[in-house]
**Q** 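What follows is a structure written as structure tokens; I'll ask about it next.
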Amino acid sequence: MMPFDLDSTNNQKLSGYEVLSPNLSQGENFQYQILLVEEDDNSHLGIKTTVYTGTKKYLKEKLPGIGSEKIDNFPHEGLDMKAVMKFKKKSLDDKMFINQYHALRRLLAARKLSQLIAETWLRDDQIEATIDEKTSLVDPTISSNQETEIKEEKVLALKIIRKLFLSANRPPDRTKSESSATKSDCQMIIKKNQESWRNICLNLLLCGQAYYKKGDRYIEVLKNPIISTYEASCFFSFQVVWNSFVGTVEEIKQVGKNQPPFYRVFIPYPQRPNVTEKADCDEDGLFQPILTADTIKNWAYSQDIVRKPNSTEFPFAKKKWNSEDGIHIEYVSPPYPYLPMSCLC
């Protein structure tokens with residue numbers, strides 16, 4: 001488990017590392033949550049959302065199609081930092097490393113959320129074409145049938161993410177839960193009396209605990225979580241704003257009570273501006289600051305580390321952090337106008 005910044009929390013008990021280990025019996029009573037999205041022509045935007053709450057055993061029984069291995073992997077650590085700044089146990093004693101690690105993780109999370117929003121603005125054929133272009137998105141050893149399935153799942157997942165953003169700011173359609181747990185068993189779940197319950201679907205999406213049921217298949221909606229299970233359950237309350245291109249974070253002041261969440265995050269999801277395939281030129285031959293399909297794609301699929309000198313991508317950095325040089329951050333926010341800039345505390 002990665003360390004967490006807890007300077008704004010009061011009276012919070014965090015379980016020890018061994019208690020959270022899936023291999024130890026002490027952790028069997030811990031409860032987790034999964035968002036299941038299904039097609040429903042009679043529901044808002046054609047989807048129906050159900051939040052399942054219970055122990056790993058309960059979730060495996062209710063949702064066997066997800067697979068025991070994925071549920072055993074709870075809680076999720078969140079953002080994968082290995083390519084940018086790898087965390088090692090010995091780093092815990094290095095204060096400078098810890099400070100820089102937390103700062104980079106927050107900036108990278110903001111970038112990832114902005115890229116995710118941009119990706120949902122792409123057409124299906126643009127997504128499939130990008131998968132063909134970028135070999136890093138597909139394992140070269142897989143068969144053509146498997147590649148077709150990956151493309152299909154990617155397109156379906158982005159459609160679901162788009163619909164979750166558009167149907168945000170309301171609780172799930174249904175809930176199914178195990179018997180009530182003790183207070184110590186609930187630190188990885190969101191309760192109905194918490195502010196974050198209203199947008200629990202987004203919390204579970206962003207921590208990688210959302211699945212789309214397509215026939216007998218259970219498709220993982222966001223394969224690379226942006227936040228951890230603990231951050232989703234205890235730190236953040238999300239709210240989507242449809243009239244802004246800039247995300248903001250504010251601290252939640254609580255008088256007389258000390259319960260999560262502690263930060264309110266406003267995610268921008270405005271209507272996508274009209275775009276052209278290529279940027280037009282004015283009389284002077286200069287590009288007009290207009291959003292194009294290419295600029296959206298370039299931002300959405302830019303990798304975190306890009307070493308190629310003439311690359312058209314917009315990397316987070318040209319090389320990963322090292323103890324001698326540190327890291328030179330290049331792009332946290334999109335370099336184009338009208339692409340939403342997001343933020344996560």
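Owing to the predicted nature of the structure, the values given are computational and were not obtained by experimental measurement.
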**Q** Is a donor from one side chain sitting under 3.5 angstrom from an acceptor on the other, for S237 and W197?
**A**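 No, W197 and S237 have no side-chain donor paired with an acceptor closer than 3.5 Å.
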**Q** Nearest heavy-atom pair of A317 and H328: which atoms, and what distance?
**A**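 That would be CB-O, 3.4 Å.
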**Q** Kindly indicate whether the side chain of K319, heavy atoms from C-beta on, has any atom under 4.5 Å from the side chain of I327.
**A**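 The answer is no, as the side chains (C-beta and beyond) never meet within the 4.5 Å cut-off.
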**Q** Do R170 and D173 come within less than 4.5 Å of each other through their side chains, counting heavy atoms only?
**A**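 Of all side-chain heavy-atom pairs linking D173 with R170, at least one is under 4.5 Å.
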**Q** Nearest 0.5 Å, please: how far is NZ in K223 from CD1 in I150?
**A**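 With rounding to 0.5 Å, CD1 (I150) is 8.0 Å from NZ (K223).
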**Q** How far does CE of M341 sit from CG of L113, to the nearest 0.5 angstrom?
**A**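 One gets 13.0 Å once the value is rounded to the nearest 0.5 Å.
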**Q** Walk me through whether R217 and E149 qualify under side chain to side chain contact (heavy atoms under 4.5 Å, CB included).
**A** CA-CA 11 Å; R217 294 159 59 193; E149 185 174 310; 4.0 Å; yes
**Q** CD of Q126 to NZ of K297: how many Å apart, nearest 0.5 Å?
**A**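 Result: 7.0 Å between the selected atoms.
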**Q** Answer with yes or no whether the side chains of R162 and T120 bring together a donor and an acceptor at under 3.5 Å.
**A**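 No pair is found: no donor N or O on one side chain lies under 3.5 Å from an acceptor on the other.
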**Q** When rounded to the nearest 0.5 angstrom, what distance separates CD1 in I66 from CG in L59?
**A**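 Answer rounded to 0.5 Å: 7.5 Å.
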**Q** Give me the one residue out of E251, E195, Q239 that meets side-chain hydrogen bond (donor to acceptor under 3.5 Å, both in side chains) with R264.
**A**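 That would be E195.
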**Q** Do Y52 and S177 come within less than 4.5 Å of each other through their side chains, counting heavy atoms only?
**A**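 No, every pair of side-chain atoms sits at 4.5 Å or beyond.
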**Q** Are side-chain heavy atoms of Q115 and S302 found at a separation under 4.5 Å?
**A**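 Yes, side chains in contact.
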**Q** How far apart are the closest heavy atoms of A118 and W299, and which atoms are they?
**A**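 A118 and W299 have their closest heavy atoms at CB-CD1, 3.9 Å.
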**Q** Between Y336 and F314, does the ring centroid distance fall short of 6.0 Å?
**A**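 Yes: the rings meet the under 6.0 Å criterion.
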**Q** Is a donor on one side and an acceptor on the other found under 3.5 Å between the side chain of S43 and the backbone of G46?
**A**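 Absent.
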**Q** Does the side chain of P268 reach to within under 4.5 Å of the side chain of V246, using non-hydrogen atoms?
**A**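 P268 vs V246: side chains apart.
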**Q** Between N224 and L222, is a side chain to side chain contact (heavy atoms under 4.5 Å, CB included) present by the stated rule, with each step listed?
**A** CA-CA 6 Å; N224 299 308; L222 188 63; 5.6 Å; no
**Q** Quick one: pull up CG in L166 and CD in Q271 and give me the separation to the nearest 0.5 Å.
**A**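 Answer for the CG-CD pair, L166 versus Q271, is 10.0 Å.
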**Q** Heavy-atom distance under 4.5 Å between the side chains of V332 and L108, does that happen here?
**A**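 Contact flag for V332/L108 side chains = no.
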**Q** Can you list the steps and then say if K192 with T175 is a side chain to side chain contact (heavy atoms under 4.5 Å, CB included)?
**A** CA-CA 10 Å; K192 290 184 178 180; T175 61; 3.5 Å; yes
**Q** Verify, without hydrogens or angle tests, whether T229 (side chain) and H76 (backbone) share a donor-acceptor contact under 3.5 angstrom.
**A**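 A pair under 3.5 Å: yes.
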**Q** Please check if the number of heavy atoms outside D41 that lie under 6.0 Å from its CG is greater than 12.
**A**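 Open: at most 12 neighbouring heavy atoms sit under 6.0 Å from CG of D41.
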**Q** Do Y218 and Y211 have their ring centres less than 6.0 Å from each other?
**A**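 Ring centroids of Y218 and Y211 are no less than 6.0 Å from each other.
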**Q** Verify the cluster assignment for W121 and V155: are they in a single hydrophobic cluster under the rule of side-chain heavy atoms below 4.5 Å apart?
**A**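 Linked, W121 and V155 end up in one cluster.
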**Q** Check whether more than 12 heavy atoms from other residues, nucleotides or ligands sit under 6.0 Å from atom NZ of K62, and answer yes or no.
**A**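 Atom NZ in K62 is not packed in, count stays at 12 or less.
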**Q** Taking the six-membered ring for Trp and the full ring for Phe, Tyr or His, determine whether the centres of Y331 and F316 are under 6.0 Å apart.
**A**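 That pair fails the under 6.0 Å test.
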**Q** Tell me whether Q33 contacts the main-chain N or O of T53 through its side chain, where contact means a donor paired with an acceptor under 3.5 Å.
**A**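 No: the side chain of Q33 does not pair with the backbone of T53.
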**Q** Could you check whether atom NZ of K48 has more than 12 heavy atoms from other residues, nucleotides or ligands sitting under 6.0 Å from it?
**A**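 More than 12 heavy atoms, drawn from other residues, nucleotides or ligands, come within 6.0 Å of this atom.
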**Q** What heavy-atom pair brings P340 and S114 nearest, and what distance separates the two atoms?
**A**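 Closest approach of P340 to S114: O-OG, 2.7 Å.
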**Q** Between L104 and I329, is there a side-chain heavy-atom distance shorter than 4.5 Å?
**A**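 They are in contact (side-chain heavy atoms under 4.5 Å apart), so the answer is yes.
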**Q** So C207 and E231, do their side chains get closer than 4.5 Å, heavy atoms only?
**A**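 E231 does not reach C207 side chain to side chain.
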**Q** Measure the spacing between CG of L204 and OG of S233 and express it to the nearest 0.5 Å.
**A**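 Result: 9.5 Å between the selected atoms.
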**Q** Does F97 have its ring centroid less than 6.0 Å away from the ring centroid of W321?
**A**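 Yes - the distance between ring centres of F97 and W321 falls below the 6.0 Å cut-off.
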**Q** Would one find more than 12 heavy atoms of other residues, nucleotides or ligands at under 6.0 Å from atom CG of N169?
**A**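 Atom CG in N169 is crowded, with more than 12 foreign heavy atoms closer than 6.0 Å.
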**Q** Check this for me: does any side-chain nitrogen of one of K112 and E119 sit under 4.0 Å from a carboxylate oxygen of the other?
**A**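 Here K112 does not pair with E119 in a salt bridge, since their nearest N and O are not under 4.0 Å apart.
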**Q** Any side-chain to backbone donor/acceptor pair from E39 onto I47? Under 3.5 Å, distance only.
**A**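 Not a single qualifying donor-acceptor pair exists.
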**Q** Any idea how Y32 and F74 line up, ring-wise: parallel (<30°), tilted (30 to 60°), or perpendicular (>60°)?
**A**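 Correct class here is tilted.
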**Q** Among K176, R174, K213, find the one that has a side-chain hydrogen bond (donor to acceptor under 3.5 Å, both in side chains) with T50.
**A**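 That would be R174; it is the only one of K176, R174, K213 passing the side-chain hydrogen bond (donor to acceptor under 3.5 Å, both in side chains) with T50.
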**Q** Between K56 and S68 (side chain of the first, backbone of the second, donor and acceptor by atom type, cut-off under 3.5 Å), is there such a pair?
**A**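 Not a single qualifying donor-acceptor pair exists.
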**Q** Taking N298 for the side chain and E313 for the main chain, is one N or O donor matched with an acceptor at less than 3.5 Å?
**A**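 Checked: no pair found.
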**Q** Determine the minimum heavy-atom distance between L79 and R105, stating which atoms define it.
**A**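 Distance-wise, the nearest heavy atoms are CD2-O, 3.6 Å.
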**Q** Please walk me through it: do M188 and Q31 pass side chain to side chain contact (heavy atoms under 4.5 Å, CB included)?
**A** CA-CA 7 Å; M188 296 296 176; Q31 296 206 345; over 6 Å; no
